[in-house]
Amino acid sequence: MTPGRDGGAQGKRDGALHALRELVMAATVRIHRTGPGYAADEPESFVGSGFFIAPNWVLTCAHVARGGEGGELTVAYESGTGRGTSHVPGEVVATLPEGVDQAVPGKWPVPDLALVRLREPVDHECVYVAERPAVYYSEGEVFYAGWTVVDGQMSRLDGPIAVKGTLGGSSSGVLRLGENDLPYGISGGPVVDPVRGEVIGVLKSRADHGRGGTSIGTEQLRTLPGPVPGQAVWAEHEDLYQAVFHAHDRYHRDRQRQSRPARNTWADVQNRLGARPGRTLTPGERAQLLGRLADLPPPVSTRGLLDILESLPEFEGDIPLPSPRGWRDGLGALYEGARDEGVPGLVLDYAMQALLAERPFVTPGTTGAEESLWEWVRQAAEGWLDGTRRRRIEKQWAERPKRITAPCTGPKPPRDPATRHTALLELVERSWERGRWDWQVYVTRPGGARDCVQQDVCTPTDALPERLAAPLAEAFRQCDEPGWPAILQVVLPHARLDLPVDAWRTRPDEPPLGARGPVVLRCGDRDRLPGEHGFAECDPAPPEWDEDRADRWRWLHAHNATAEFLDCDQGVPRPVPEGFALRNLPSGSVPVMCRYGEHHYEDDTVALARILLGGFGVALWRRGPVRSAAVCGEFHRGAAVTVADARGARHLPERVHELRRKLLESHTEAYWADGIALIYDDPNLDLPGAGELLEAP
């Protein structure tokens with residue numbers, strides 16, 4: 001390239017970057033406390049920065065938003081060049097993480113994000129937020145913007161800053177920033193990728209010593225709470241994440257359609273920068289595609305969206321974390337997971353899957369939205385695909401399912417757990433450090449294959465619920481389906497199967513795990529159960545016993561089951577039978593214990609191990625204090641009805657979940673089930689190997 005041309009190219013890029021800066025600054029706001037004694041333009045009321053992410057929605061840091069009084073704030077913004085500053089009241093609608101009452105300034109827990117909704121509609125600019133996860137930006141340079149106080153006056157601040165890697169692992173979304181000063185008030189401002197011209201993060205903190213700070217990736221908004229997992233039907237406004245980003249994508253689609261926009265659009269500037277989303281789409285094409293996808297109801301669930309991505313034959317990438325929730329997130333995942341020659345077909349196949357997907361709800365506008373997206377796909381296919389692939393998608397469109405405009409709102413029937421993705425938590429207590437645990441959280445696919453979400457070592461028992469909150473939430477997102485909250489399999493050593501995991505609250509404002517969804521227990525050390533009748537402790541059981549266990553499991557899942565009470569006879573305690581007697585019980589028996597932990601007999605401590613050694617993969621019992629015979633009778637009646645109504649063991653996890661939910665809601669008819677626990681240990685599903693756990697450093 002000749003010097004003249006190089007200079008010309010650099011000049012064009014400088015012009016594009018200047019235009020990008022103008023767009024960013026137009027959407028960047030400052031946030032002030034509100035109420036008596038505070039003036040919106042005074043530095044004394046200033047708490048930080050933010051930016052418009054969608055019409056009438058501001059994204060900022062949680063520690064900035066909570067600087068207001070009771071969640072009420074004033075947002076100061078410029079409605080246009082030369083129009084001066086306007087002020088509008090806002091309310092804090094969501095913070096991440098939830099349930100944080102207080103935090104040391106600058107030390108708010110990750111992800112430290114908040115959404116502020118304006119209390120009245122105003123005209124303003126919005127940033128373009130990347131649909132790709134920000135973890136890909138681990139080096140290079142980004143652009144930032146915000147507000148600060150200079151010589152007692154409010155002042156804008158922006159500039160480049162170097163990326164120095166990540167903190168807390170790639171899934172944390174935390175970028176280390178350096179080689180520039182980040183003064184007070186800049187927190188909450190946007191972080192921009194200047195190559196693609198899109199916002200990738202939010203400034204979180206500045207370094208205590210030296211220069212730089214950290215930012216949080218905007219993809220962490222995917223961890224916002226969604227619809228209630230057990231709710232079969234819901235609407236878009238019930239999912240804040242979908243509502244905000246649908247509004248975002250429609251905004252940029254509509255701005256691009258304007259014949260005479262007031263200023264450059266984001267797609268215009270991205271085009272000048274030479275951005276090529278997914279190596280196929282122009283920025284304008286992307287805006288139109290995302291806008292049409294945003295007119296559709298969102299994916300029925302994260303699990304449903306992941307199934308679509310994994311069904312695409314040309315998609316080879318890993319699923320990013322946090323897992324995708326919206327149609328835009330799925331499109332962003334495609335950019336990293338396709339061969340160069342396969343991207344055009346992959347994008348259109350994905351759009352077709354969005355057209356044909358199950359809907360969580362259907363509105364009168366759904367048909368028009370589908371036809372609009374189909375028209376975009378049809379036109380794009382004429383330029384991107386050969387005749388064979390065009391005919392294939394035309395046939396898919398012609399044979400599309402008929403939409404039901406009034407979906408059933410009743411509960412869905414139980415679904416076979418073997419056909420579902422499930423969350424799995426493996427807990428291994430350290431033999432040399434009692435009360436400390438190594439753990440791993442997985443997503444288990446139908447058939448038994450597992451994907452590890454997160455792992456850690458040496459966690460104290462009382463710290464487990466808090467430490468497990470984020471990885472379990474991610475696993476649940478990947479497994480929840482409308483009407484079917486994720487099943488959580490908890491793998492424990494036999495001596496600690498009484499650990500009340502189902503009663504844990506991972507966050508103060510959330511229900512216990514057992515009321516959120518089905519929680520079942522599995523034994524992680526069947527090969528080390530206490531032996532009996534000639535079998536020494538830690539000796540493996542004979543192979544034929546494993547065959548008996550598999551046979552009993554198959555029978556229980558093909559026929560009706562009956563509760564078999566082992567440790568109580570009409571309110572009178574009795575010892576649990578020994579192994580050979582247990583193995584002679586009918587194949588349809590589900591062992592039940594109502595007095596576990598009362599220690600009436602010397603060998604009560606090995607009662608659960610004895611049941612497991614007897615070949616049972618399904619068993620019920622209850623934890624808790626010593627109970628009277630009258631309460632014991634209620635448990636007998638309730639447990640017998642629960643097992644019988646499940647019509648075999650297959651649906652027992654859902655039945656026990658329903659009981660726990662009713663207990664939380666104070667339904668007196670469910671009080672008999674207080675402390676109920678369920679072993680549901682499929683012999684056909686291998687457990688994680690002992691060697692997979694982290695080693696102590």
Side-chain angles (χ1 to χ4, degrees), residues 492-500 520-542 544-546 548-549 551-553 555-556 561-644 649 652 656 672-681 683:
L492 286 162
H494 73 272
R496 297 305 307 270
L497 283 168
D498 59 347
L499 194 69
V520 301
L521 302 177
R522 301 185 66 186
C523 179
D525 59 353
R526 276 186 177 269
D527 58 338
R528 296 186 295 279
L529 294 173
E532 57 179 42
H533 285 290
F535 295 100
E537 185 173 351
C538 299
D539 278 354
E544 60 269 20
W545 288 11
D546 287 336
D548 291 345
R549 177 183 167 219
D551 289 342
R552 189 178 292 275
W553 179 271
W555 178 274
L556 278 174
T562 303
E564 186 74 37
F565 295 90
L566 301 181
D567 64 345
C568 183
D569 183 8
Q570 297 183 358
V572 179
R574 65 179 181 182
V576 172
E578 295 185 347
F580 288 113
L582 287 173
R583 283 186 288 278
N584 286 327
L585 289 174
S587 298
S589 301
V590 172
V592 181
M593 292 191 298
C594 67
R595 295 188 172 275
Y596 181 77
E598 294 185 9
H599 304 303
H600 290 284
Y601 299 93
E602 185 178 352
D603 58 356
D604 280 354
T605 57
V606 296
L608 275 176
R610 184 173 291 170
I611 290 172
L612 295 170
L613 201 59
F616 293 91
V618 181
L620 275 171
W621 77 96
R622 60 174 178 172
R623 314 180 197 92
V626 176
R627 296 172 170 89
S628 68
V631 175
C632 183
E634 287 297 309
F635 181 80
H636 280 229
R637 282 187 286 272
V641 169
T642 298
V643 172
L652 266 178
V656 173
W672 65 266
D674 185 27
I676 195 169
L678 172 66
I679 286 179
Y680 191 80
D681 197 350

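Everything numeric in this text was worked out from a predicted model, so none of it was measured.
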Quiz item: So how far is it from Asp548 CG to Trp553 CH2, rounded to the nearest 0.5 Å?
Solution: 16.0 Å
Exercise. Decide yes or no on side chain to side chain contact (heavy atoms under 4.5 Å, CB included) for Val656 and Leu620, but give the supporting numbers first.
Key: CA-CA 9 Å; Val656 173; Leu620 275 171; 4.0 Å; yes
Exercise. Please identify each residue that fulfils side-chain contact (heavy atoms from CB on, under 4.5 Å) with Ala495, with sequence neighbours left out.
Key: none
Self-check item: Residue pair Glu564 / Ser589: nearest heavy atoms and the distance that separates them
Solution: OE1-OG, 3.9 Å
Practice problem: Work out which heavy atom in Ala561 is nearest to a heavy atom in Leu556; give both atom names and the distance. | Solution: CB-CD2, 3.8 Å
Quiz item: When rounded to the nearest 0.5 angstrom, what distance separates CD1 in Ile676 from CH2 in Trp621?
Solution: 10.0 Å
Quiz item: Would you say Leu612 and Leu497 make side-chain contact, with heavy atoms under 4.5 Å?
Solution: yes
Practice problem: Decide yes or no on side chain to side chain contact (heavy atoms under 4.5 Å, CB included) for Phe635 and Val592, but give the supporting numbers first. | Solution: CA-CA 10 Å; Phe635 181 80; Val592 181; 3.6 Å; yes
Quiz prompt | All salt bridge (Lys or Arg N to Asp or Glu O under 4.0 Å) counterparts of Asp498, not counting sequence neighbours | solution = none
Quiz item: Can you find a heavy atom in the side chain of Trp672 that is under 4.5 Å from one in the side chain of Val641?
Solution: no
Quiz item: What is the distance from atom CE of Met593 to atom CZ of Arg623, rounded to the nearest 0.5 Å?
Solution: 11.0 Å
Quiz prompt | Minimum side-chain heavy-atom gap Cys523-Arg528 below 4.5 Å | solution = no
Exercise. Dump the intermediate steps for side chain to side chain contact (heavy atoms under 4.5 Å, CB included) on Ile611 and Ile679, then the final yes or no.
Key: CA-CA 10 Å; Ile611 290 172; Ile679 286 179; 6.0 Å; no
Quiz item: Are Phe565 and His636 close enough that some pair of their side-chain heavy atoms sits under 4.5 Å apart?
Solution: yes
Quiz item: How about Leu582 and Leu566: do any of their side-chain heavy atoms sit closer than 4.5 Å?
Solution: yes
Quiz prompt | Nearest heavy-atom neighbours spanning Arg622 and Asp674 | solution = CB-O, 4.1 Å
Quiz item: Hey, does the side chain of Arg552 reach the backbone of Val618 with a donor-acceptor pair shorter than 3.5 angstrom?
Solution: no
Quiz item: Counting only N and O atoms by type, is there a donor-acceptor contact under 3.5 Å from the side chain of Asp525 to the main-chain atoms of His494?
Solution: yes
Self-check item: Any residue meeting side chain to side chain donor-acceptor pair (under 3.5 Å) with Arg522, in chain and number order, not counting sequence neighbours
Solution: Gln489, Asp681
Quiz item: Is it true that a side-chain atom of Asp567 and a backbone atom of Cys594 form a donor plus acceptor pair closer than 3.5 Å?
Solution: yes
Self-check item: Minimum heavy-atom distance Gly614-Arg583, with the two atoms named
Solution: O-CG, 3.0 Å
Quiz item: Shortest non-hydrogen contact from Ala563 to Ala639?
Solution: CB-O, 4.4 Å
